[in-house]
Amino acid sequence: MDKLIVKGGSKLFGEVSVSGAKNAVLPIMTATLIVPGTYKIKNVPFLRDTQTMIKLLEIIGAKVESSNNVLTIDTTKCNNPHAPYELVKTMRASFYVLGPLLARFHHSKVSLPGGCAWGPRPVDFHIKALRQMKVEVTLDKGDIIADGCPFGAKIEFKKKSVGATGNVLMAASKAKGKTVIINASMEPEIVSLGYFLIKLGAKIEGLGTERITIDPIKNENNNFEFDVIPDRIEAGTFMIAVAATGGEVKLNNVESAHLDSIVQHLGELKISTKINDDEILISSSGNYKSIDMETLEYPGFPTDLQAQWMALMIKAKGSSVITENIYHDRFTHISELLRMGADIKLKNNVAHITGVNELFAAPVMCTDIRASAGLVIAALCANGETEISRIYHIDRGYENIENKFSDIGAMIKRV
Ligand code: EPZ
């Protein structure tokens, strides 16, 4: 089982090229199922999750060629609208096939995703919305069985959900009649999915706002290329890492408009970020005061950077509070950070942190994609050599992470 060995103490200098966004490419890959055709997706990150999604598309009957971060997906011969438990249990995003399979086959059988490292992750919003679209949804031995042609409807989410907004957008793209989504997610990854559906032929307005209207595809366009947007979470991860270790790093291939919240929070720490089109330059002394942070839906501070931000705050000057508003209990990284000498107390989904002067290397264990990134950042700042195990988690969401970090001076290796 691979491990990462990280020797702390190096400041980071140099350039990093940010990969395509995992959370953008996964729904786009499922959207190729909606209309039989051939689609060339570019700037695809090479990740365990994209490999898992390729396997799922192939089980459904698609032909997928993958080379140099480009996928060519041929969905003309898809004939098996099923997503089996073996795959869905390893990657919740498999649930994104529900909407596309309904749009195309008016039927789908998708395993109910299990929980994840930090607790339950229900899909009740997805199911309620599809039922409002007159789809019959039943649960049979752990599988969601959905039947019927979706009808346009007015869907109001009681809480913003990226996945549910995505599934409804895709089901609505071939529904009978117009769909309106109220309290829609505004994440760039959902906007990007919407652009893909517009290329397929749907008429969509309001992407990036809380109210989206979708008129279904009339004239199908089933053969085109599409570029995946840069990964704002990977970019934010490296920005926070440089802030923590100190140094100066230029990130290339970023979409700086997606990074406002991170830039604003680092600015409060007096950490300089210079933005120039698709590049961003971060400079830090490695010494900074603490500030409070709360996670919010986009454009707020992303929950997917909460663990990384915690790794920054555990050695800040002063105390701070991190409030996780998106998930209940997304704090499995705390117990690992405590092993490295952090001072963190968790109470009612709020982490109370007292900055320490030193962190110490210790064997630690990854528990989810983003917690893993937080451990790497903490290890880069710790005295000694930290051994990080179960790094298959990190490989799900970060492409070549140890090479990207060692290219900017980190002492990190995979063993
Ligand atoms: C997406 O997950 C991302 N995954 C997550 O990133 C991200 O943390 C999350 O959005 C929030 O930004 C992908 O895009 C593949 P949600 P998703 O539905 O769609 C509750 C990563 O590390 N909820 O927006 O599953 C849910 O429990 C991953 O890249 C319901 O209660 O998230 C959570 O509290 C981790 N019922 C909140 O809503 C539902 O039916 C937001 O979840 C759906 C969601």
Side-chain angles (χ1 to χ4, degrees), residues 19-31 45 47-50 52-53 56 88 90-99 110 112-132 137 139 144 155-170 181 183-193 210 228-229 231-237 258 261 295-308 323-333 349 366-374 393-399 401:
S19 301
K22 167 178 85 80
N23 292 348
V25 71
L26 293 174
I28 286 165
M29 290 170 76
T30 66
L47 307 167
R48 286 173 68 98
D49 274 11
T50 44
T52 302
M53 189 58 87
L56 177 53
V88 176
T90 67
M91 183 182 67
R92 174 188 167 82
S94 311
F95 204 65
Y96 265 133
V97 297
L98 185 61
V110 181
L112 199 57
C116 68
W118 65 80
R121 287 176 68 186
V123 288
D124 52 324
F125 299 167
H126 301 242
I127 293 168
K128 179 168 181 268
L130 292 177
R131 284 177 171 153
Q132 285 177 269
V137 184
L139 179 61
I144 296 279
I155 311 283
E156 181 157 4
F157 288 121
K158 67 178 182 184
K159 183 177 171 202
K160 285 185 173 63
S161 161
V162 172
T165 302
N167 254 327
V168 170
L169 274 173
M170 292 190 277
I181 305 176
N183 205 18
S185 288
M186 303 187 278
E187 273 70 4
E189 294 77 22
I190 290 298
V191 173
S192 165
L193 173 63
E210 293 176 313
V228 177
I229 58 172
D231 194 319
R232 63 191 170 99
I233 303 302
E234 183 191 18
T237 300
H258 298 161
S261 180
T295 64
L296 291 167
E297 295 90 349
Y298 191 86
F301 194 94
T303 176
D304 290 350
L305 286 175
Q306 181 255 98
Q308 300 90 319
T323 307
E324 173 56 66
N325 290 312
I326 306 298
Y327 289 105
H328 175 70
D329 197 19
R330 187 181 189 171
F331 290 110
T332 50
H333 40 287
N349 233 37
C366 295
T367 49
D368 71 71
I369 304 174
R370 309 306 174 181
S372 315
H393 286 288
I394 209 162
D395 292 334
R396 287 190 49 199
Y398 289 91
E399 186 177 36
I401 191 159

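Order of appearance sets the numbers: ligands from 1, and atoms from 1 within every ligand.
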Under 4.0 Å from one or more heavy atoms of H126, ligand 1 contributes atoms 40 (O)
- prompt: Is a side-chain donor or acceptor of N325 paired with a backbone partner of L296 at a separation under 3.5 angstrom?
  reply: no
Ligand 1 atoms nearer than 4.0 angstrom to some heavy atom of A93 are 15 (C)
If you compare D304, L305, L26, V25 by their heavy atoms, the one closest to atom 7 (C) of ligand 1 turns out to be D304
Under 4.0 Å from one or more heavy atoms of R330, ligand 1 contributes atoms 8 (O), 22 (O), 35 (C)
R48 meets the salt bridge (charged side-chain N to carboxylate O under 4.0 Å, His left out) criterion, sequence neighbours left out, with none
Is any side-chain heavy atom of L305 closer than 4.5 Å to one of R232? no
Note: heavy atom closest to atom 38 (O) of ligand 1, options E189, K159, E297, M53, belongs to K159
The answer for which part of I326 has a heavy atom under 4.0 Å from ligand 1 is both
Do Q306 and T295 get their side chains close enough for a donor-acceptor pair, meaning under 3.5 Å? no
Checking heavy-atom distances from atom 27 (O) of ligand 1 to each of A164, P122, P113, the winner is P122
* State plainly whether the residues R131 and D124 are in salt-bridge range, i.e. N to O under 4.0 Å. => no
If you compare F157, Y298, F125 by their heavy atoms, the one closest to atom 23 (N) of ligand 1 turns out to be F125
If we number the atoms of ligand 1 from 1 as shown, the ones under 4.0 Å from a heavy atom of R370 are 21 (C), 22 (O), 29 (O)
Note: heavy atom closest to atom 18 (O) of ligand 1, options S161, G397, G300, belongs to S161
Ligand 1 to K22, heavy atom cutoff 4.0 Å, flagged ligand atoms 21 (C), 29 (O)
Problem - Any donor-acceptor pair under 3.5 Å from E324 side chain to N349 backbone - result: no
Residues passing the side-chain hydrogen bond (donor to acceptor under 3.5 Å, both in side chains) test with N183, sequence neighbours excluded, are K160
A student checking ligand 1 against D124 at a 4.0 Å heavy-atom cut-off should list atoms 30 (C), 31 (O), 36 (N), 39 (C), 40 (O)
CZ (R370) and NE2 (H393) are apart, to the nearest 0.5 Å, by 13.0 Å
For R92, the ligand 1 atoms with a heavy-atom partner under 4.0 Å come out as 25 (O)
A student checking ligand 1 against N23 at a 4.0 Å heavy-atom cut-off should list atoms 3 (C), 4 (N), 6 (O), 13 (C), 14 (O), 15 (C), 21 (C), 29 (O)
Review point. With no hydrogens and no angle check, is any side-chain donor or acceptor of T165 less than 3.5 Å from a backbone partner on S185?
Key: yes
(Q) Geometry only, no angles: is T303 polar-contacting ligand 1 at N/O separations under 3.5 Å? (A) no
When the ring planes of F157 and F125 are compared, do they come out parallel, tilted or perpendicular, using 30° and 60° as the limits? tilted
